[in-house]
Amino acid sequence: MTLNVDFVQKKVIREILSRNSETEYLKRFGLKGFTDRKTFKSKVPVVTYDDLKPEIQPIANGDRSMILSSHPITEFLTSSGTSAGERKLMPTIDEDMDRRQLLYSLLMPVMNLYVPGLDKGKALYFLFVKAESKTPGGLPARPVLTSYYKSEQFKRRPHDPYNVYTSPNEAILCPDSSQSMYSQMLCGLLMRHEVLRLGAVFASGLLRAIGFLQTNWKELADDISTGTLSSRISDPAIKESMSKILTKPDQELADFITSVCCQDNWEGIITKIWPNTKYLDVIVTGAMAQYIPMLEYYSGRLPMACTMYASSESYFGINMKPICNPSEVSYTIMPNMAYFEFLPDEVATEQSELVELADVEVGKEYELVITTYAGLNRYRVGDILQVTGFYNSAPQFKFVRRKNVLLSIESDKTDEAELQRAVENASVLLGEKGTRVIEYTSYAETKTIPGHYVIYWELLVKDQTKPPSDEVMAQCCLEMEESLNSVYRQSRVADKSIGPLEIRVVKNGTFEELMDYAISRGASINQYKVPRCVSFTPITELLDSRVVSTHFSPALPHWSPERRR
Ligand code: AMP
């Protein structure tokens, strides 16, 4: 496939356009049976999710006619990208599962070229399902990985010595994330010498597992020492499967866990507990790069393999050199997954010429645009990629960034407009006291587990003798959380993978100092804009040195699997 990318892409678009030629969407643009790229590109517009809502909504409401795809839409994958605060709904068709499966099946053959002997042990992967709902028309709406783990392809996968997990399916499939994590960790500890690789989908997930061990090792060691499962596990399927794994007391192992975990210094804990681990299997590219130092700390600098690049819209590609430095990770897009186009990032206007997969240029940055079998046509994914080279004739891409994302702790993606709205909604609570937020910025605090959002506020307090109380400020924190998107709230409530939002009130004049600092480093006075998110250490240090009070959200925001609209 990588030998003749352009040929494969031509074939893919021909297949998609011929099978979807009678859909309402494509008929609207008068393709008249043409299936070539030139006609397609000249007639069909490049779109965003909001442009497609008028097509997606009726399908979600139960319209089974051929709106986007000639093949029935079997479910919606709920993307971590949001629109109007709710997860985007991505249509998918039955056969898409095989395309995903194909990409998964390439991972171990590639890894085997770099790390031999992975068939001699197991993988401790922390995998989770998330809550799912049904659209008004009765189609399931759930994240792509939840859909995959619940599929027959995953549940009834044939035995493959290269893909033996320590976690039983029952533990992975338990919707209660705490019971799921507990039992997966317990299995990992029981089989600690067999574990050859440790992983989670994203770096944040693996750190969450370490954080979980930090707070729960006593209970886990107790289970191991008595050979009985904690009463916190109530899920019958987990109980049943654990009864075959936790079969007898193991005092020696319990003592070992206790002696390692009771120490204050957890540096290198991963290799202490799992001494045969060859690498960590986690994505540390994109927003996840912020977790590299912590993973290095806990793992004693084990290699980190970023194996694939995928989304709810489509799976894209794999890393052909998985054991490399995180800064050098490039993904090779597999040309049979979808039809790919590339919008040059520097001139991303409606008129920009989109470039074919085979024609991208090394060094340039592009926004990814895809056309899928399930009926997305020329859809802007929102990822910016840079071409780093070629594998045969297939271009390889570095993930540069996600467009318009300010803050991210795990799969949440908060943009500037959402943050602005959250600050506005929260500051209403200050209103009656005559206090206003005059400036704000934000920071993703990821040195703690779980990470949390920090919002710096500079206040104008009318009556200096009556600054807002801690109670009012804490309510402001909660109100900001209530205003953030559903992915953020789900992570707070169901997954507990984001900690309470924090507001740090800074001294008056701090934001002016921030501007002075930027100008001293060459920013133009005329064009200076307050950054709405900061990560550069001298700036966060400056802000932190001016903090007068800190406040945390006192409760969980509202969240339910059902969509608001
Ligand atoms: P979702 O649709 O919720 O599955 O999220 C997909 C998005 O996650 C992609 O569009 C990327 O922005 C991000 N993503 C997925 N894989 C990677 C990766 N390997 N490196 C960096 N970001 C990734």
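The figures here come from the full heavy-atom set of this structure, side chains too, leaving out hydrogens, waters and symmetry mates. Ligands are counted one by one from 1 in listed order, and the atoms in each one are counted from 1 as well.
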*asked:* Whether D6 and R37 form a salt bridge (side-chain N of Lys/Arg under 4.0 Å from carboxylate O of Asp/Glu) is what I want to check.
replied: yes
*Distance to 0.1 Å, residue and atom name: give those for the protein heavy atom nearest to atom 3 (O) of ligand 1.*
S80 OG, 2.5 Å
*Atoms in ligand 1 flagged as close to R402, the criterion being non-hydrogen separation under 4.0 Å*: 7 (C), 9 (C), 10 (O), 12 (O)
_Heavy-atom nearest neighbour in the protein, as seen from atom 11 (C) of ligand 1, with distance rounded to 0.1 Å_ = D383 OD2, 3.2 Å
_atom 6 (C) of ligand 1 - nearest protein heavy atom and its distance_ = S311 CB, 3.5 Å
*With a cut-off of 4.0 Å, which atoms of ligand 1 are near a heavy atom of Y331?*
18 (C), 19 (N), 20 (N)
*Does a side chain donor of either Y453 or T414 reach within less than 3.5 Å of an acceptor in the other side chain?*
yes
_Electrostatic pair E356-K10, nearest N-O below 4.0 angstrom_ = no
*asked:* If you define the side chain from C-beta out and look only at heavy atoms, does anything of M288 sit under 4.5 Å from V282?
replied: no
*Residues E328 and K321 bridged, charged N to O under 4.0 Å*: no
*Indicate whether the side chain of E481 and that of Y488 have a donor and an acceptor atom separated by less than 3.5 Å.*
yes
_With heavy-atom distances below 4.0 Å as the criterion, list the atoms of ligand 1 near M308._
19 (N)
*Pair K529 + E416: basic N to acidic O under 4.0 Å*: no
_Give me the residue, atom name and distance of the protein heavy atom closest to atom 17 (C) of ligand 1._
Y309 CD1, 3.6 Å
*asked:* What's the separation between atom CD in E341 and atom CD1 in I370, rounded to the nearest 0.5 Å?
replied: 10.5 Å
*Just heavy atoms, cut-off under 4.0 Å: does M288 contact ligand 1 by side chain, backbone, both, or neither?*
neither
_For atom 14 (N) of ligand 1, closest protein heavy-atom neighbour_ = A310 O, 4.1 Å
*In the protein, which heavy atom is nearest to atom 20 (N) of ligand 1, and how far is it?*
T285 OG1, 2.6 Å
_Proximity winner for atom 1 (P) of ligand 1, if only heavy atoms of G317, S312, G382, A289 are counted_ = S312
